Amino acid sequence: MADVEQRPNARAAMRLHELANSLGVAAAVQAAAQLGIADSLGEQPVPVADLARAVGADEGVLHRLMRALAHHGVFRDAGQHRYAHTELSRLLRTDAPGSRRDMVLLAGMPWAWEVWPRLGDAVRTGKAVFPAIYGKDQFRYLSEDAPDAAAVFNRAMTNGSVITGRAVADTLDVADVRTVADIGGGHGLVLRHLLERHQRLSGVLMDLPSVVAGAEAALRPGGGLAGRCRIVGGDCRAEVPFVADLYLLKHVLHMWDDDQAAAALSAIARSAPSGARVVVVEQLVDASPEPGIAAVIDLLMLLNMGGKERTRDDFAALFERCGLRPAGVTATPSMVHLIEAVVR
Ligand SMILES: C[S@@+](CC[C@H](N)C(=O)[O-])C[C@H]1O[C@@H](n2cnc3c(N)ncnc32)[C@H](O)[C@@H]1O
């Protein structure tokens, strides 16, 4: 009996081996995105030789890459050295609605990749590792040193918001709202959805100056929605210099530890009228329909910015600390929840 207990379980050992090498799967998906393989495939299966010519790759090695990807449902082996699209690989197309290509490229950029081997350090110290590697925080690095990476980041955020942004617009009750402010709203995709859907709404888009400079054309001066939209560049942890009925923070607070997140919520509480609504849009780490990815993003937030994914109770405590009254949590048809509070 003792002998059986000591014998390694072959399946468990293999699973651990697979997990330890899963960075290879991530790298394979990123290589596919970098090479633009998905854009070279149409509706019909394509021979690897043709794909190799189209993307400028070594045919034999491309075949090995496609085989590795097909094991994970990214492309399909159609036999006779041909590959076809799957639901997953179509999302790597540049022109796919809700394309994930930039999100994949983002995950594989050196600055995003290099933090992972230092996870053990971050677990020991409880602190981000990005500033130690780059000498500044992630957003200063992107705006000051890496404009190309910043462009990928901002496009990835916008594309990532195609599904969640629509889910927010579908779920958020704005019946009594005249002005909605999207704080850390990136290029303003979610705000544009809301303004297009509700003709009587006005909006404010706030983000860092370098980010709002690239705001959606419809929101910028001269754009179709410009008359109903104000654009503000600034640090929302220092000041929120306008008044709205509803303040949206989508995937913003999770970048920060509790002190930084509280600084942003307190800045809103200082300028907002009593009764204004604050709606945080994030995945709840204790109630996510996708708990695996929520747990991984939680670690990535720690590594990059010292941030974290939060539970319902974490948000309630944060709201109370900033003079906001917790006002309920609503699920959406995507992985994010609307976590709401009211300014006292
Ligand atoms: C994870 S992205 C989310 C973007 C957008 N809300 C979305 O869901 O697609 C976080 C956003 O916060 C912005 N941001 C970072 N620091 C900020 C600050 N101090 N004040 C205002 N915005 C900030 C970033 O530029 C970025 O657009």
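In listed order, ligands and their atoms are each counted from 1. If you're wondering where the values come from, they're calculated on a predicted model, not measured in any experiment.
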Considering non-hydrogen atoms of the protein only, which is the closest contact for [atom], and what is the distance?
atom	answer
atom 20 (N) of ligand 1	Cys236 N, 3.0 Å
atom 12 (O) of ligand 1	Met255 CE, 3.6 Å
atom 8 (O) of ligand 1	Lys250 NZ, 2.8 Å
atom 1 (C) of ligand 1	His251 O, 3.1 Å
atom 16 (N) of ligand 1	Trp256 CZ2, 3.6 Å

Considering the heavy atoms of [X], write down every atom of ligand 1 situated less than 4.0 Å from one of them.
X	value
Met157	1 (C), 2 (S), 9 (O)
Val211	25 (O)
Gly234	20 (N), 21 (C)
Gly186	27 (O)
Arg237	19 (N)

Heteroatom proximity flag, [X] to ligand 1, N/O under 3.5 Å:
X	answer
Gly184	yes
Val252	no
Thr158	no

Option of least heavy-atom distance to atom 23 (C) of ligand 1 (set: Leu208, Val212, Val336):
Leu208
Pick whichever of Asp207, Val281, Val240 has a heavy atom sitting closest to atom 14 (N) of ligand 1.
Asp207
Do the side chains of [X] and [Y] get close enough for a salt bridge, i.e. N-O under 4.0 angstrom?
X	Y	value
Asp314	Lys308	no
Glu340	Arg277	yes
Arg82	Asp50	no
Arg124	Asp121	yes
Arg321	Asp259	yes
Lys136	Asp145	yes
Glu196	Arg192	yes

Is it the side chain, the backbone, both or neither of Ser161 that has a heavy atom closer than 4.0 Å to ligand 1?
side chain
Taking 4.0 Å as the limit for heavy-atom contacts, which would you say applies to Asp235 with ligand 1: side chain only, backbone only, both, or neither?
both
ring-ring contact (aromatic ring centres under 6.0 Å, His included) assessment of Phe139 paired with Phe153
CA-CA 10 Å; Phe139 286 100; Phe153 179 91; 5.5 Å; yes
Ring centers of Tyr134, Tyr141 separated by less than 6.0 Å:
yes
Run through Asp258, Asp286, Asp298 and flag the one making a salt bridge (charged side-chain N to carboxylate O under 4.0 Å, His left out) with Arg310.
Asp258
My understanding is that only one of Val281, Leu265, Asp182, Ile339 makes a side-chain contact (heavy atoms from CB on, under 4.5 Å) with Leu249; could you say which?
Leu265
